[in-house]
Amino acid sequence: MSSTVNFSGDLLVILRHAPHGSSWLREGLDAALVAAAFGQSVSLLFQSDGVLALAKGQGVGPLGQKGTATTLDMLAMYDIESLYLDPEALERFGLGEQDLLLPAAALDAASLPRLIAGHRLVLTF
Amino acid sequence: MSSTVNFSGDLLVILRHAPHGSSWLREGLDAALVAAAFGQSVSLLFQSDGVLALAKGQGVGPLGQKGTATTLDMLAMYDIESLYLDPEALERFGLGEQDLLLPAAALDAASLPRLIAGHRLVLTF
Amino acid sequence: MRYGLLVKGAPYSSQASHSALRFAAALVARGHRLKCVFFYHDGVYNAARLAAPPQDEPHLYDAWRSLHDEHGTQLQVCIAAALRRALLDSREAERHGKSGHSVEPPFELTGLGQLIDLGREVDRLVTFAP
Amino acid sequence: MRYGLLVKGAPYSSQASHSALRFAAALVARGHRLKCVFFYHDGVYNAARLAAPPQDEPHLYDAWRSLHDEHGTQLQVCIAAALRRALLDSREAERHGKSGHSVEPPFELTGLGQLIDLGREVDRLVTFAP
Amino acid sequence: MILHILNRPPSSSLVYRDALAAMGAVDRLLLIEDGVLGALTAQVRHFQAIEGRLFALREDLSARGLEGQCDASVQVVDVDGFVTLTEEAGKTVSWF
Amino acid sequence: MILHILNRPPSSSLVYRDALAAMGAVDRLLLIEDGVLGALTAQVRHFQAIEGRLFALREDLSARGLEGQCDASVQVVDVDGFVTLTEEAGKTVSWF
């Protein structure tokens, strides 16, 4: 990740939970979408099990639970284009860029604290 | 732990959570007390962070939350006397027998599966 | 076989309720009997009668009721866990001087002793936790 | 300074509500202003009006109300998280065709936009999660 | 034979360690919900001590788009298979 | 300076790893609730990378009977100290 990238914004939402197992991911994405709709500049960081939110091929749950993959499609519509991920987490699951629904920038160790410092508000989910 | 110990009983309650941080520990102890009151033979296993349920010197929380130390005093009254703990978990926190409110038998690796196999019902908290 | 389920997760917040309902459907389809679902810890929130989930999500409250209606499964809620979480039936509401109630049949507030009985009466008790 | 709190844990199940109330008391005692507590995820259960905890435990619902009464702190509840968790005020109950309600003032059902506004308006937003 | 059921992944929670320690020589472990992350080839080493006795719930893998990444050593079962596992086990123990 | 707040112990949850990775060179970490288990001498090695910037909430230690086991390298603060930490920090980030 180039050190010239601008890591600043109004809100950083950190997504640490996998889809389907809990509502954390959906509730975090909802907060991001609402902030964007309110005109804030929003960044997303997919960290830990949260990187699985980006995995291709997600479907509905057995009771018809929607999951969050369809919500990801809405990010661009809301002008949320600063997407970051923890490359170690991705590797932990044996996933590569080609397995992802959306491109997200891999953050190196030095950039993560800068990303957090650069946003006025940081919410973790 | 002697291999001649009888690990059998009606209900084994496994307590894996520390006091105060959540209601798991209290709710697990409540289940054990009720089962004992119903005449069942009940064993308790303190595992992982649950070993801290046994720590001496626990107090109320800052809002007056009771915690669970007083509930432990009731175990003997309900004839719950089969108390076991995971010695690795105890060591993980630097605690020894002298730091505990109640004596609990340290289970070796081979005994833990036997304890679980020996009880008709196992509930984890 | 006779089964019982113990549900400890709040609806929607964790997958526990979904998993339990799914497992319940599969076991009755295979000819087993699901005697009772016991709700404890945050699982008691499954009994809240006013749930109004979005229409494109599963309606868990209604799904529990269907389980009861179609298969006679009892829906028992730990009363101690329920009261502190604002889940009161009419009787408890009156006893505590509250107007209105949040739990109604087929959900029943019962003591933990029912869970212990359930463990004795069924062949398998399966827990779904958050 | 102006503070806001975001509470995401259910009362009694996790320590989040206790910690938030304790922190709230300390910050107003130091002369700060606590503008609003926003409840999200399972934190919305803090707004359930029928809570009847044992008398030897802290009454968290009443403690939130006191915070409002004594310091003017707003108690805002995410409406989307609340509806699926059976937390409806009179208006939402009517809108969804339900008899009775589970949320009443000083708790208010509001949109997530209020959380975003809160983040803008206060100097510090502190989250208490389960 | 006892069926242990685990719904947390080793990538974020250490409860799998206690579940494994509790398992006897013929006991089985079923991964469900977020627990299925542990069935991925990149994660399954955490369960090598019970190879051949590790199961994962298909619909939880597929809802997450992970069925293709599930390790070949894991026995993938559908919900009927989950019921069968509980029939075959003398009892179940849930870890969370 | 950012105040990070952690309520899970390294003995059962790996979230501490992500919290540490997110911390800048002068950021501080406050352990609260079950997170204070990480402040014990036997556990504090997990936080050695931020020695001198690790805090723990006194009332959460003492409710658990653990104040005496808290490592000397940890700065123990009461709830007023918690408020002060939030005053001094530009913002807070909670990890759970």
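Lettering follows sequence order; numbering is per chain, from 1.
- Annotation for C:Arg30: atom CZ counts as buried by contact number, over 12 foreign heavy atoms lying within 6.0 Å.
- Residues C:Arg49 and D:Gly100 share a closest heavy-atom pair of NH2-CA, 3.9 Å.
- The two residues D:Leu50 and C:Leu88 have their closest heavy-atom pair at O-CD1, 3.3 Å.
- Within the 3.5 Å criterion, the main-chain N or O of C:Ala52 finds no donor-acceptor partner in the side chain of D:Lys98.
- Here D:Ser13 is the residue among D:Ser13, D:Pro53, D:Ala81, D:Ala48 with the most heavy-atom pairs under 4.5 Å with chain C.
- When C:Asn46, C:Leu87, C:Asp42 are compared by the number of non-hydrogen pairs under 4.5 Å with chain D, C:Asp42 comes out ahead.
- Counting heavy atoms from C-beta on, the side chains of C:Arg85 and D:Pro11 never come closer than 4.5 Å.
- Taken to the nearest 0.5 Å, the OH atom of D:Tyr12 stands 11.0 Å off from the CG atom of C:Leu83.
- In this structure, no portion of C:Glu92 lies under 4.5 Å from any heavy atom of chain D.
- Sparse packing is recorded around CD of C:Glu94, with 12 or fewer heavy atoms of other residues, nucleotides or ligands lying under 6.0 Å away.
- In this structure, D:Arg84 and C:Pro54 approach most closely via the heavy-atom pair NH2-CG, 3.4 Å.
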